[in-house]
Amino acid sequence: MKERVLVIGSAGQLGTELVTSLRDIYGESEVMASDIRNPENMNGPFTQLDILDKAAFGRLIQSFKPTQIYHLAALLSGTAEKNPKLGWTLNMDGLFHVLDAAKENDFIKKVYWPSSIAVFGSNTPRQNTPQNCVMDPNTIYGITKLAGERYCEYYFEKYGVDVRSLRYPGLIGYKSMPGGGTTDYAVSIYHEALKTGKYTCFLNEYTYLPMAYMPDALRATLELMHTDASNVKVRSSYNLAGISFSPKEITAAIQQTLPDFEISYEPDFRQAIADSWPQSIDDSVAMNDWGWNLEYDLNKMSVDMLDNLTQMYQTS
Ligand code: SER
């Protein structure tokens with residue numbers, strides 16, 4: 001069967017990279033990028049779309065007839081705290097529009113929707129957080145992701161929608177910038193290390209959070225989407241561990257390449273969000289169900305980030 005893939009939220013941190021990977025697999029003309037914003041440097045098919053505009057989304061579905069939808073549009077943790085109403089509306093109604101489209105149109109065979117470590121909360125075990133445990137998120141973002149997970153499982157169970165999901169840790173990459181998240185410092189820190197040799201971190205030095213390097217996150221996403229449906233036993237969302245480190249540890253990793261790099265700390269409202277999230281994640285269920293394995297550790301990621309960003313700044 002010829003695959004046609006629609007990516008919603010294609011201009012975001014993950015979408016930017018995922019569209020490139022999907023076009024390598026399926027061909028440029030078979031992957032439609034869409035976002036509320038026009039992307040700066042994107043080639044290939046693009047449609048401007050506000051996923052809250054259900055009629056416009058319906059028209060796009062009927063004209064492009066995707067066999068797969070990657071629905072990535074959302075407000076992240078920091079931004080949703082500042083605009084809770086929009087956080088709820090965008091994150092939930094956007095998902096409903098996509099799940100309903102898949103329920104109503106047989107040509108849509110698979111849906112991908114990202115969840116997050118933000119589904120966990122202050123009564124969740126913070127070390128090696130298991131797949132199934134207490135989940136009591138206290139951010140708007142986390143509440144929408146947990147509710148979204150329940151809806152995904154519900155649409156699979158009741159309507160047979162083949163929806164797949166990962167609980168991403170913070171995502172780190174050099175090709176795109178995150179926007180409005182609590183884990184964003186771990187991207188900015190590399191840019192500032194190269195540009196100014198200094199960085200002021202909005203989390204304190206001992207804040208451990210799980211993170212993943214983009215090549216690992218992309219591979220996990222595509223492996224989950226490409227595995228046989230019978231292997232996907234979790235229809236809410238899979239834990240994905242990534243690498244756990246603190247600002248102090250990422251600083252030490254950067255200093256191996258840039259010994260003069262300096263960090264200072266000015267925690268803001270995102271400290272409380274980080275303190276409610278796990279420090280490390282158990283992703284053995286993903287390993288067992290569809291063979292997930294991590295490739296990058298903190299040092300390997302840091303060397304690769306600094307190499308690529310150095311080249312990027314030299315050529316820009
Ligand atoms: N990276 C996200 C955030 O910080 C977590 O999923 O909001």
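Just follow the structure's listing: the first ligand is 1, and inside any ligand the first atom is 1.
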Asker: List ligand 1 atoms under 4.0 Å from Leu76, heavy atoms only on the residue side.
Answerer: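 Those qualifying, in numeric order: 7 (O).
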Asker: At less than 4.0 angstrom from any non-hydrogen atom of Thr182, what atoms of ligand 1 do you find?
Answerer: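 Every atom of ligand 1 under 4.0 Å from some heavy atom of Thr182: 3 (C), 4 (O), 7 (O).
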Asker: Closest heavy-atom contact between Pro114 and Tyr112?
Answerer: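 Taking every non-hydrogen atom into account, N-CE2, 3.9 Å.
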Asker: Would you mind running through ligand 1 and noting each atom that sits below 4.0 Å from a heavy atom of Trp277?
Answerer: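 Numbered from 1, ligand 1 contributes 3 (C), 4 (O), 5 (C), 7 (O).
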Asker: Give a yes or no answer on whether the side chain of Thr129 reaches the backbone of Ser280 with a donor-acceptor pair at less than 3.5 Å.
Answerer: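 Between the backbone of Ser280 and the side chain of Thr129 there is a qualifying donor-acceptor contact (under 3.5 Å).
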Asker: Could you identify the single nearest non-hydrogen protein atom to atom 2 (C) of ligand 1 and state the distance to 0.1 Å?
Answerer: Thr183 OG1, 3.9 Å
Asker: Can you pull out the closest protein heavy atom to atom 6 (O) of ligand 1? Residue, atom name and distance to 0.1 Å, please.
Answerer: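 Answer, as residue, atom name and distance: Ser116 OG, 2.6 Å.
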Asker: Quick one: does Arg167's side chain have a donor or acceptor within less than 3.5 Å of a partner on Gln131's backbone?
Answerer: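 Side chain of Arg167 to backbone of Gln131: a pair is present.
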Asker: Taking a cutoff of less than 4.0 Å between a non-hydrogen atom of the residue and any ligand atom, is Ile117 in contact with ligand 1?
Answerer: no
Asker: Return the closest protein heavy atom for atom 7 (O) of ligand 1 as residue, atom name and distance.
Answerer: Ser77 OG, 2.6 Å
Asker: Heavy-atom distance under 4.5 Å between the side chains of Leu203 and Leu209, does that happen here?
Answerer: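 They are in side-chain contact.
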Asker: Taking salt bridge (charged side-chain N to carboxylate O under 4.0 Å, His left out) as the test, write out the residues that go with Asp275, two or more places apart.
Answerer: none
Asker: Strictly by modelled atom types, are Ser21 and Asp24 linked by a side-chain donor-acceptor pair under 3.5 Å?
Answerer: no
